[in-house]
Amino acid sequence: MDPAAQRFGTRAVHAGQRPDPTTGAIMTPIFQTSTYVQDAVGSPRGGYDYARVGNPTRDALQANLAALENGRHGAAFSSGLAATEAIIKTVLDAGDHLICGADVYGGVDRMLRYVWVRFGVAFDFVDTTDLDRVRAAIRPETRLIHVETPSNPTMTITDIAGCAGIARAAGAVLSVDNTFATPFLQRPLDEGADIVMHSTTKFLNGHSDMIGGALLTNSDELAEGFRFQQRTTGAVPGPFDCWLVLRGTKTLHLRMPAHCSNARRVVDLLRGHAEVESVRYPGLEDHPQHELAKRQMRDFGSMVSFDLGSEERANRFAASTRLFQLAESLGGVESLVSIPSSMTHASVPEEKKKEIGLGPGLVRLSVGVEDGDDLVDDITQALAALRAGVRMPETGDGGLT
Ligand SMILES: Cc1ncc(COP(=O)(O)O)c(C=O)c1O
């Protein structure tokens with residue numbers, strides 16, 4: 001069957017992979033090698049010469065991720081931030097300008113403010129939910145628009161096709177961080193984006209056991225630029241980490257529906273709960289970009305943010321959950337809770353946090369694929385502990401009712 005005609009689940013399991021020709025191993029081997037034998041100078045025996053430049057396990061992952069995003073090219077990096085940095089190094093020169101979504105992952109904010117500013121890259125953080133503001137921020141030297149949708153942790157939705165049109169008209173490139181949605185829920189290249197970026201650490205791997213990043217594109221020129229960055233600046237993933245993501249993507253189409261339906265149950269509980277001030281989830285009809293989310297996404301994901309009004313209450317909630325573990329990161333099969341203002345986004349300046357609505361009482365949940373009843377019970381008891389003003393005593397049964 002023509003791989004291009006295969007449906008998402010089939011691509012997730014097979015794209016980029018075939019049984020190993022030397023052994024018949026059904027799983028792509030972990031090519032744990034730093035170099036490859038050459039028969040003569042410049043004639044590598046198997047087409048590979050050095051593992052920073054290329055590795056068959058990495059190639060399989062890159063092809064697999066590209067197929068899932070409907071892209072022709074993929075490039076894997078050692079982290080999501082390394083992948084983001086590779087975009088900047090490929091697209092921008094000193095003196096160029098970048099428009100960055102206002103509420104992107106805190107690490108991108110820190111990278112721009114503390115690293116790229118020193119190399120003459122100009123940037124503006126813009127509320128990309130408002131296309132007029134994106135248009136107004138364009139300068140003659142704007143070369144890149146980078147957005148995250150849904151955004152972390154404020155859960156805003158940006159119109160990808162709208163931003164792609166603005167970027168095209170300005171002679172700029174649009175990159176979209178698709179980490180929260182994954183290609184199962186949203187495919188930015190189909191909407192006109194030039195680059196999709198992932199922290200593969202999250203849903204693509206899905207099991208919280210590695211750090212990685214990836215860039216996917218249909219542009220030959222950008223793909224060549226990303227390969228140049230891999231071999232020249234060297235932030236490539238090791239083969240075992242590539243293999244772990246490859247194993248993860250085989251079940252992406254099974255995990256995501258379970259993530260989404262558990263998130264919906266948690267949102268239904270939080271919404272209207274007396275202890276909760278507000279809930280941010282693009283699946284809610286009163287979410288400001290709900291209609292756009294419905295158009296652009298297949299479902300609404302499993303990241304949920306809600307406001308408990310104060311840091312003290314947010315901390316108390318996070319200390320009271322038993323299944324939801326307090327930790328950075330997201331997208332694994334297990335449920336996590338975090339307080340973005342003092343964890344993932346601690347480096348974002350206070351005034352900007354206020355501007356984007358990232359208050360100290362904001363709690364972010366990464367809803368996993370455990371039994372939904374147990375997740376609902378856990379949130380219920382943690383909210384009850386908040387009302388009682390005390391930490392619930394440990395019962396020793398893992399919080400299960
Ligand atoms: C949406 C998003 N993008 C990018 C990153 C950075 O990825 P990494 O931690 O793999 O460098 C993160 C990390 O939390 C993230 O949540």
Side-chain angles (χ1 to χ4, degrees), residues 61 65 69 75-89 100-116 125 128 146-158 160 175-183 185-186 188 193 195-216 229 233-238 241-242 244-245 248-249 259 280 282 297 300-305 325-332 334 336-348 356 358 362-368:
L61 173 63
L65 297 181
E69 286 286 6
F77 291 87
S78 55
S79 70
L81 279 181
T84 307
E85 188 168 78
I87 301 174
I88 296 173
K89 290 187 288 198
C100 184
D103 49 354
V104 294
Y105 169 60
V108 177
D109 180 295
R110 185 177 58 204
M111 185 202 294
L112 291 173
R113 280 178 205 277
Y114 295 103
V115 178
W116 285 103
F125 291 110
T128 54
H146 178 72
V147 304
E148 201 176 289
T149 181
S151 67
N152 180 7
T154 42
M155 303 305 298
T156 64
I157 304 293
T158 289
I160 298 171
S175 63
V176 177
D177 183 335
N178 203 26
T179 298
F180 270 30
T182 82
L185 300 180
Q186 166 177 285
I195 303 165
V196 174
M197 175 258 146
H198 276 284
S199 167
T200 55
T201 316
K202 310 301 190 312
F203 290 98
L204 294 182
N205 165 270
H207 296 78
S208 306
D209 51 17
M210 51 69 70
I211 297 280
L215 301 177
L216 301 316
Q229 288 303 326
T233 59
V236 291
D241 285 349
C242 292
L244 286 170
V245 184
T249 56
H259 276 294
R280 301 183 203 196
M297 302 175 74
F300 305 105
S302 76
M303 299 305 296
V304 179
S305 293
Q325 298 290 330
L326 177 62
E328 308 257 355
S329 204
L330 57 109
E334 64 291 315
L336 300 180
V337 55
S338 72
I339 314 295
S341 153
S342 46
M343 295 172 71
T344 47
H345 290 63
S347 65
V348 175
I356 62 175
L358 204 181
L362 195 72
V363 176
R364 188 188 79 181
L365 300 178
S366 172
V367 182

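Order of listing sets the numbers, starting from 1, for every ligand and every atom in it. All values reported here derive from a predicted model rather than from experimental measurement. Residues take their numbers from the sequence shown, with the count starting at 1.
- Taking the salt bridge (Lys or Arg N to Asp or Glu O under 4.0 Å) definition, one finds that Lys202 meets it with nothing, sequence neighbours left out.
- How far CD1 of Ile87 is from CD1 of Ile195: 5.0 Å, rounded to the nearest 0.5 Å.
- Two residues are said to be in side-chain contact when any heavy atoms from C-beta on lie closer than 4.5 Å; Asp103 and Leu358 fail this criterion.
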Quiz item: Could you go step by step and tell me if Leu336 and Leu330 meet the side-chain contact (heavy atoms from CB on, under 4.5 Å) rule?
Solution: CA-CA 7 Å; Leu336 300 180; Leu330 57 109; 5.6 Å; no
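- Thr156 and Ser151 share a side-chain donor-acceptor pair at under 3.5 Å.
- Distance check, rounded to the nearest 0.5 Å: CG of Asn178 to CG of Leu216 gives 9.0 Å.
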Atom pairs, nitrogen or oxygen, ligand 1 to protein, under 3.5 angstrom:
{"from": "ligand 1", "atom 1": "3 (N)", "to": "Asp177", "atom 2": "OD2", "distance (Å)": "2.6"}
{"from": "ligand 1", "atom 1": "7 (O)", "to": "Ser199", "atom 2": "OG", "distance (Å)": "3.1"}
{"from": "ligand 1", "atom 1": "10 (O)", "to": "Gly80", "atom 2": "N", "distance (Å)": "2.9"}
{"from": "ligand 1", "atom 1": "10 (O)", "to": "Ser199", "atom 2": "OG", "distance (Å)": "2.8"}
{"from": "ligand 1", "atom 1": "10 (O)", "to": "Thr201", "atom 2": "OG1", "distance (Å)": "2.7"}
{"from": "ligand 1", "atom 1": "11 (O)", "to": "Gly80", "atom 2": "N", "distance (Å)": "3.0"}
{"from": "ligand 1", "atom 1": "11 (O)", "to": "Leu81", "atom 2": "N", "distance (Å)": "2.9"}
{"from": "ligand 1", "atom 1": "14 (O)", "to": "Lys202", "atom 2": "NZ", "distance (Å)": "2.9"}
{"from": "ligand 1", "atom 1": "16 (O)", "to": "Asn152", "atom 2": "ND2", "distance (Å)": "3.1"}

